[in-house]
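Reviewing the structure listed below.
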Amino acid sequence: MAAVTEKRSSLPLAWLTQNLGQKLIYLILIAGAVWALFPFLWMVTSSFKSYAEASAAETFFPTRWLFSNYIDAWNQVGYFPQYFLNTIFIAVATVAGVLITSTLAAYAFARMEFPGRDVLFIILLATMMIPFEVTLIPNFILIRNLKWADQYQALIIPWTASAFSVFLLRQFFLSIPSDLYDAAVIDGCNNLRFLLSIILPLSRPALITSGLFTFLASWNSLMWPLLVTNRPEMRPIQVGIASFIGDAGTQIQLLLAAVTISVIPVIILYLILQRWFIEGIATVGIRG
Amino acid sequence: MICDLADEECILARSTPVAQTISPRTAVQTRAIRKRRTQWSAYIFILPAFVIIGIFHIFPVFYAVYVSLNKGAINRFAFVGLDQYARALSSGDFWNALVTTLVYALLTMPITMALALFFAYLLYQPFVKARGIFRAIFFLPYVVSTVGSAIVWAWIFDPRSGLLNFVLTRLGLPALRWLIEPDGVGLLVAQGLGVNIPTWLDGPSLALVAVSIFTIWQFMGYDIVIFLAGLTTIPNEMYEAARIDGANGFQLFRHITIPLLAPTTFFVIVISVIGSLQSFNSIFAMNQAAEQSLGGPLGSTSTLTVYMFDQLYTYSNYGYAAAIAIILSCIILAFTLFNFKVLGKRSSY
């Protein structure tokens, strides 16, 4: 009898505390999400403020939404459309290069027999350990000697192969059953045709992951384009925005509008392909 | 042309009656097909990747060593032996950069990892709905370019019109100079309390702390994603068994999650050490956005990579910059080997 009442009396309390715990956890998670998101929200709302309002930092929303800030920013940056086109062109070309070179190499390492295969693969993996600081100076000198400074190829060619992508794709190719290969060989398929018509369609997740990270790295790259570009019309968006800091002077609302424009493509891409970003990171772990 | 051999084999395979039969192939036959002669065409497959990686990633390592043994302008190098290394090791700026790099790593890594593990563990609780949405939000700062978010953060830190000082002054606290403050945080606290402290207690500059806050914000979501992936590999039965034995929430975390997550933690530590020793983008972008000189104020945010870049970009000291890059690589290598030797053994179970 006593046990029953005890159980009854403890039940609502347990329910309450359990739920309290859950509510608390949700509260903490929401606080964390606000911490992650707030700078972006603050940036977007402030980019519509007047100068006085933006620099006072007193209200979250602007009293009057000044869409003209965006037009002003766009005009003041000067090369904005050019920065965008440059960045898109560079990123797309780099992704294409990486996917072509990596797919071919990964296929050879996964499916073909040749002398020195394992040694070459280890050499390839070892290059992932080289800090970029070391290769930076020789590559800069090389670009200067090739007279590639201020040319697109300087921003693209050095990055069109990635040991990491080769590794990622090879692992994926290995997971494709080799029975498929045997069957294809019997059906009279050569390596290249097998790669193009059977392996590639099956490897979409790995291709998207490696393409996505190459795109992101290219879009966000800063140090290399800073070194090899001088003419403003050759610059990609990150360098362009960084140089706009000085030009915008104290007009913070214009700077924020320019930044908003520059991050929108990446955020849209992220929202669409969010799953691939996160799963890619979770399985392989890349740090920029 | 690329696949002559394979084609030859295809034809052979077709013409042989064994392969033509519908009956399932035996293991021996399969192995026979799979284990073929050397396919020389493989070299053509790997050629493009190896040309690019050879020219832009492998050759430069050797060339960097060569450059570091020289002085002078491009194509007019003069051999000076190990002088550039001696110069670095006797330079106050170099040691300042080395200490700054280590302090920055110590400021950012443990806090980022602790926060990430905390949030990942909360997110992992089975009752949490919308886990995917939370995860996506946490991860967003990692995706957005450093330049863009640094501008926003530098403005939040702005001494005159920044949000942070606005909040501080409203709370009755003194406004701070954040990104343009070269004084140590210890010193600032001591001054605020009106006490004197010895200089070695000054601590990292407020500017470096501000950059670290930004870095923590940037990388927390990345670590969360990796920790979450690690958490999902821990079998649920472990928790259930422990719960039946009467373990409470904290004990579950301490005696099941922490040890079984060790390989993931090890991985995060290894890449965080490598990443934070090389950090450049966030500091460069913060310096720019706060209109400071590179590594400023007063060199208090000058990490080794920032210092190297400054020597290269501003002063065109190629040999010296190359020597710094090689010293930095050796430091990274030493830390990585240390991690594998010491932590790697402990984290395997």
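This is a predicted model, so every value here is computed, not measured. In what follows, chains are A, B, ... by sequence order, proteins preceding strands, each numbered from 1.
For B/Ile274, no part sits under 4.5 Å from any heavy atom of chain A, backbone or side chain. Interface residue A/Ala33: backbone and side-chain heavy atoms are both found under 4.5 Å from chain B. Both the backbone and the side chain of A/Phe114 come within less than 4.5 Å of a heavy atom in chain B. If you measure heavy-atom distances from B/Asn75 to chain A, the contacts under 4.5 Å come from the side chain alone. Neither the backbone nor the side chain of A/Ile100 comes within less than 4.5 Å of any heavy atom of chain B. When heavy atoms are compared at a cutoff of 4.5 Å, A/Phe60 does not approach chain B at all. B/Ile332 touches chain A through its side chain: at least one heavy atom from C-beta onward sits under 4.5 Å away, while N, CA, C and O do not. Proximity to chain A is limited to the side chain of B/Leu312, based on heavy atoms less than 4.5 angstrom apart. Heavy-atom distances place both the backbone and the side chain of A/Gln238 under 4.5 Å from chain B. Of the atoms belonging to A/Leu136, it is side-chain heavy atoms, and not backbone ones, that fall under 4.5 Å from chain B. Within the 4.5 angstrom heavy-atom criterion, only side-chain atoms of B/Phe50, from C-beta onward, approach chain A. A/Ile30 touches chain B through backbone and side chain together, each having a heavy atom under 4.5 Å away. Of the two parts of B/Phe62, neither the backbone nor the side chain holds a non-hydrogen atom closer than 4.5 Å to a non-hydrogen atom of chain A. In this structure, no portion of A/Ala258 lies under 4.5 Å from any heavy atom of chain B. Using a 4.5 Å cut-off between heavy atoms, A/Ser162 touches chain B through its backbone atoms (N, CA, C, O) alone. Only the side chain of B/Phe118 comes within contact range of chain A, judged by heavy atoms closer than 4.5 Å. In this structure, chain A has a heavy atom under 4.5 Å from the side chain of B/Phe77, while its backbone stays farther away. With a 4.5 Å cut-off on non-hydrogen atoms, A/Ile123 touches chain B through its side chain but not through its backbone. Looking at B/Val67, only its side chain comes within 4.5 Å of chain A, counting heavy atoms on both sides. Looking at B/Trp217, both its backbone and its side chain come within 4.5 Å of chain A, counting heavy atoms on both sides.
Panel note: side chain A/Thr101, backbone A/Thr160; a donor-acceptor pair is recorded below 3.5 Å. Remark: the backbone N or O of A/Phe173 is paired with a side-chain donor or acceptor of A/Arg111 at under 3.5 angstrom. Side-chain N or O atoms of B/Thr169 include one that pairs as donor or acceptor with a backbone N or O of B/Phe166 at under 3.5 Å.
The shortest distance between side-chain heavy atoms of A/Val228 and A/Trp148 does not fall below 4.5 Å. Inter-residue side-chain proximity for B/Tyr318 and B/Asn70 is flagged as unmet; no heavy-atom pair is nearer than 4.5 Å. A/Leu269 places none of its side-chain heavy atoms less than 4.5 Å from the side chain of A/Trp219. Taking the side chain as every heavy atom from C-beta outward, B/Thr146 and A/Asn220 never approach each other to under 4.5 Å. Between B/Phe227 and B/Phe119, the closest side-chain pair of non-hydrogen atoms is not below 4.5 Å. Annotation: side chain of B/Ile151 is not in contact with side chain of A/Phe244 (no heavy-atom distance under 4.5 Å). Using a 4.5 Å cut-off on side-chain heavy atoms (C-beta onward), A/Leu195 and B/Phe45 make contact. With contacts defined as side-chain heavy-atom distances shorter than 4.5 Å, the pair A/Leu192/A/Tyr107 does not qualify.
For the options A/Leu29, A/Leu124, A/Val134, heavy-atom pairs under 4.5 Å to chain B are most numerous at A/Leu29. Among A/Thr127, A/Ile267, A/Leu142, A/Ile28, the residue with the largest count of heavy-atom pairs under 4.5 Å with chain B is A/Ile28. Listed options A/Leu227, A/Val266, A/Ile241 were ranked by heavy-atom pairs under 4.5 angstrom with chain B; first place goes to A/Leu227. Per-residue heavy-atom pair counts under 4.5 Å with chain A were compared for B/Met220, B/Met308, B/Arg170, B/Gln218, and the maximum is reached by B/Met308. Chain B forms the most heavy-atom pairs under 4.5 Å with one residue out of A/Val166, A/Val263, A/Ile141, and that residue is A/Ile141. With chain A as the partner, the residue from B/Val61, B/Thr305, B/Leu333, B/Leu277 showing the most heavy-atom pairs under 4.5 Å is B/Thr305. The candidate from A/Leu222, A/Ile157, A/Leu256, A/Val259 with the greatest count of non-hydrogen atom pairs under 4.5 Å with chain B is A/Leu222. Per-residue heavy-atom pair counts under 4.5 Å with chain B were compared for A/Pro131, A/Ala108, A/Ser262, and the maximum is reached by A/Pro131. Across B/Phe280, B/Phe59, B/Tyr43, the residue that shares the most heavy-atom pairs under 4.5 angstrom with chain A is B/Tyr43. Ranked by heavy-atom pairs under 4.5 Å with chain A, the list B/Ser149, B/Ser68, B/Pro141, B/Pro60 is led by B/Pro60. Interface summary for chain A: among B/Gly148, B/Ala325, B/Ser145, B/Gly54, the most heavy-atom pairs under 4.5 angstrom belong to B/Ser145. Put simply, of B/Ile326, B/Val167, B/Val152, the one with the most heavy-atom pairs under 4.5 Å next to chain A is B/Val152.
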*Start with the C-alpha gap between A/Met128 and A/Leu125, add the side-chain angles, then the distance that decides, and say whether side chain to side chain contact (heavy atoms under 4.5 Å, CB included) holds.*
CA-CA 6 Å; A/Met128 286 201 280; A/Leu125 292 188; 3.6 Å; yes

*Go through the steps to decide whether A/Tyr83 and A/Ser243 satisfy the test side chain to side chain contact (heavy atoms under 4.5 Å, CB included), and finish with yes or no.*
CA-CA 12 Å; A/Tyr83 291 153; A/Ser243 63; 4.1 Å; yes

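Here the two rings, on B/Tyr66 and B/Tyr63, have centers that are under 6.0 Å apart. Checked against the 6.0 Å centroid threshold, A/Phe132 and A/Trp159 do not count as a close aromatic pair.
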Can you give the donor-acceptor pairs under 3.5 Å from side chains of residues 122-137 of chain B to other protein atoms, not counting sequence neighbours?
| residue | atom | partner | partner atom | Å |
| --- | --- | --- | --- | --- |
| B/Tyr124 | OH | B/Leu231 | O | 3.3 |
| B/Gln125 | NE2 | B/Tyr121 | O | 2.9 |
| B/Arg131 | NE | B/Leu123 | O | 2.6 |
| B/Arg131 | NH2 | B/Gln125 | O | 3.0 |

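The CD1 atom of B/Ile226 sits 4.5 Å away from the CZ atom of B/Phe267 when rounded to the nearest 0.5 Å.
Using cut-offs of 30° and 60° on the angle between ring planes, the pair B/Phe157 and B/Trp153 is tilted.
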